[in-house]
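Working notes, beginning with the structure itself.
Every heavy atom of this structure was used, including side-chain atoms; hydrogens, water molecules and symmetry mates were not.
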Amino acid sequence: MTDTSSTRPAEGEARAPRQSLPHRLMRFVPLIAPVLLWTVPCWALLHSGQHWPLPVTLTGTVLFALGLIGMPLAMVRGHGRRQQDRAAIVGDTLLGIAWVLFTWSVLLGVLLRLALTVGGVGESQDRARIVTWAVLGVTAVLLAWGYAEARRVPRVRRLDVRLPRLGAGLDGLRVALITDTHYGPLDRARWSARVCETVNTLEADLVCHTGDIADGTAERRRAQAAPLGTVRATHARVYVTGNHEYYSEAQGWVDLMDELGWEPLRNRHLLLERGGDTLVVAGVDDVTAESSGLAGHRAHLAGALDGADPGLPVLLLAHQPKFVDRAAAAGIDLQLSGHTHGGQIWPFHHLVRLDQPALAGLSHHGTRTLLYTSRGTGFWGPPFRIFAPSEITLLVLRSPQESTSP
């Protein structure tokens with residue numbers, strides 16, 4: 001008998017996958033990102049040829065250093081075990097400021113300095129100082145505008161969506177979509193009530209919420225979510241979980257939405273009938289549900305469609321756009337999603353597109369499936385929206401058959 005114990009790896013070792021270099025490097029992003037976000041603008045605005053008076057240089061450097069130290073500390077206290085709302089507000093706001101400063105220090109800093117050099121404007125020090133003031137001015141304007149955009153009640157985006165399999169009796173069906181409300185550290189109970197009032201003006205047949213209701217447990221954010229109970233629909237109000245529910249006791253949110261009169265479509269469907277025709281309205285848990293460890297939570301499309309007539313058109317609620325691959329394979333007619341926020345703060349949308357197949361709007365997938373991705377109704381984290389406006393969406397479903405419906 002040959003002893004192979006010295007040449008064969010242990011069973012646990014054999015099954016352990018070897019992580020790729022990009023995955024190993026991702027561990028260090030939380031450490032590297034804050035350093036880059038604060039040191040790059042510090043160098044670009046203070047130490048790249050401006051030759052500011054010493055008090056100005058020292059004061060500016062200290063402010064950037066405080067941001068570098070304070071932002072991670074506030075984020076940990078705000079979003080870690082302590083869940084301190086005031087700390088979360090400070091950390092999130094500093095994150096937004098740092099991102100905008102970093103972006104425009106790089107883009108405007110390089111391009112404007114190059115243009116001034118080519119144009120022969122001033123001496124080196126003059127050009128450097130012009131760049132600094134330009135970056136600070138643009139950053140201040142964008143942050144003020146972005147804050148106003150984030151805090152306002154979203155504008156209503158209306159569009160017709162033609163579904164080839166939709167019966168004539170359902171032509172003109174009005175579907176209102178809200179998503180990613182992200183009730184959180186900033187108390188937005190009044191904002192929530194105004195959003196719901198706006199939704200009610202749409203006189204929708206079906207109102208959908210595709211997840212990420214809040215950051216925090218249902219008990220903690222109940223006052224902000226309570227106005228959702230006032231939303232009206234002639235047929236149904238339906239809801240599916242988003243990934244942020246699974247950071248905050250998802251079952252509590254499912255129970256609260258049920259209490260507020262919404263139908264939690266947890267891998268199930270209901271039938272919407274009008275004018276002799278029927279629409280299957282289905283929903284799945286978020287794709288992160290299974291890894292949450294909560295019993296019974298997972299994204300299960302087959303379960304959501306179990307018992308539905310395959311000849312009927314299907315409207316599917318799934319929080320993340322990337323679920324559309326499974327939806328298209330199953331022949332879903334229309335998927336409604338959120339999650340992306342449209343990038344929220346430009347140019348973050350480039351990073352979002354690395355993870356999701358669509359950023360915002362209507363897109364085609366497979367032979368039949370349409371995907372509508374909302375830019376979201378609220379905001380996450382930094383209280384800013386820059387070149388990514390929030391929305392309340394009204395989709396009017398259209399049948400290819402003639403109908404007298406409005």
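Surrounding CZ of Arg232 are at most 12 heavy atoms belonging to other residues, nucleotides or ligands under 6.0 Å away. The local environment of CD in Gln356 is crowded, with over 12 non-hydrogen atoms from other residues, nucleotides or ligands closer than 6.0 Å. Within a 6.0 Å sphere centred on CD of Glu290, heavy atoms belonging to other residues, nucleotides or ligands number 12 at most. Within a 6.0 Å sphere centred on CD of Glu259, other residues, nucleotides and ligands contribute more than 12 heavy atoms.
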Exercise for review: Begin with the C-alpha distance, continue with both residues' side-chain angles, and end with the deciding distance and a verdict on side-chain contact (heavy atoms from CB on, under 4.5 Å) for Leu315 and Leu206.
Suggested key: CA-CA 11 Å; Leu315 170 66; Leu206 177 70; 3.5 Å; yes
Exercise for review: Go through Arg174 and Asp205 one step at a time and tell me if the salt bridge (charged side-chain N to carboxylate O under 4.0 Å, His left out) criterion holds.
Suggested key: CA-CA 5 Å; Arg174 298 166 70 85; Asp205 299 294; 5.6 Å; no
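A salt bridge is defined here as a Lys NZ or Arg NE, NH1 or NH2 lying under 4.0 Å from an Asp or Glu carboxylate O, and Asp285 with Arg266 meets this definition.
With sequence neighbours excluded, the residues satisfying side-chain contact (heavy atoms from CB on, under 4.5 Å) with His47 are Cys42, Trp43, Thr57, Thr61. Contacts of Tyr147 classified as ring pair (Phe, Tyr, Trp, His ring centres under 6.0 Å), with partners at least two apart in sequence or in another chain: none. Scanning for ring pair (Phe, Tyr, Trp, His ring centres under 6.0 Å) contacts around Trp99 gives Phe348, with sequence neighbours left out. Residues passing the side-chain hydrogen bond (donor to acceptor under 3.5 Å, both in side chains) test with Asp212, sequence neighbours excluded: His182, His319. Under the side-chain contact (heavy atoms from CB on, under 4.5 Å) criterion, Arg237 pairs with Val207, Val231, Ala233, Trp262, sequence neighbours left out. Looking at residues two or more places apart in sequence or on another chain, you find no ring pair (Phe, Tyr, Trp, His ring centres under 6.0 Å) involving His365.
At a threshold of 4.5 Å between non-hydrogen side-chain atoms, the residues Glu245 and Met257 do not count as touching.
Under the side chain to side chain donor-acceptor pair (under 3.5 Å) criterion, the residue pairs touching residues 186-197 are Tyr183-Ser192, with sequence neighbours excluded. The salt bridge (Lys or Arg N to Asp or Glu O under 4.0 Å) analysis of residues 123-152, with sequence neighbours excluded, yields the pairs Glu149-Arg152, Glu149-Arg155. Under the salt bridge (Lys or Arg N to Asp or Glu O under 4.0 Å) criterion, the residue pairs touching residues 301-322 are Lys322-Asp355, with sequence neighbours excluded. Within the structure, salt bridge (Lys or Arg N to Asp or Glu O under 4.0 Å) pairs that include any residue of residues 63-82 do not occur (at least two apart or interchain).
Note that the NE2 atom of His244 and the CG atom of Asp286 stand 9.5 Å from one another [nearest 0.5 Å]. Atoms OG1 and CG, from Thr278 and Leu271 in turn, are 6.0 Å apart once rounded to the nearest 0.5 Å.
Listed here is the closest heavy atom pair of His235 and Glu273: NE2-O, 3.5 Å. Contact record, Leu260 with Ala226: CD2-O, 4.0 Å, taken as the closest heavy-atom pair.
Judged by distance alone, the side chains of Arg221 and Ser248 never bring a donor and an acceptor atom under 3.5 Å apart. Gln50 and Ser48 form a side-chain donor-acceptor contact under 3.5 Å, judged by distance and modelled atom types alone. A donor atom on one side chain and an acceptor atom on the other are not found under 3.5 Å apart for Asp215 and His79.
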Only distances under 3.5 Å count here; give the side-chain donor-acceptor pairs of residues 156-163 to other protein atoms, sequence neighbours excluded, each with its distance to 0.1 Å.
| residue | atom | partner | partner atom | Å |
| --- | --- | --- | --- | --- |
| Arg157 | NH1 | Tyr372 | OH | 3.2 |
| Arg162 | NH1 | Ser399 | O | 2.9 |

Pair up each side-chain donor or acceptor in residues 375-388 with any protein partner under 3.5 Å, not counting sequence neighbours, and list the distances.
| residue | atom | partner | partner atom | Å |
| --- | --- | --- | --- | --- |
| Arg375 | NE | Pro389 | O | 2.6 |
| Thr377 | OG1 | Thr179 | N | 3.1 |
| Thr377 | OG1 | Thr179 | O | 3.2 |
| Thr377 | OG1 | Glu391 | O | 3.2 |
| Arg385 | NE | Gly378 | O | 2.9 |
| Arg385 | NH1 | His341 | O | 3.1 |
| Arg385 | NH1 | Arg375 | O | 3.4 |
| Arg385 | NH1 | Ala388 | O | 2.5 |
| Arg385 | NH2 | Arg375 | O | 2.7 |
| Arg385 | NH2 | Gly378 | O | 2.8 |

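In this pair, His209 and Tyr239 present their aromatic rings perpendicular. The plane angle is above 60°, beyond the 30 to 60° band.
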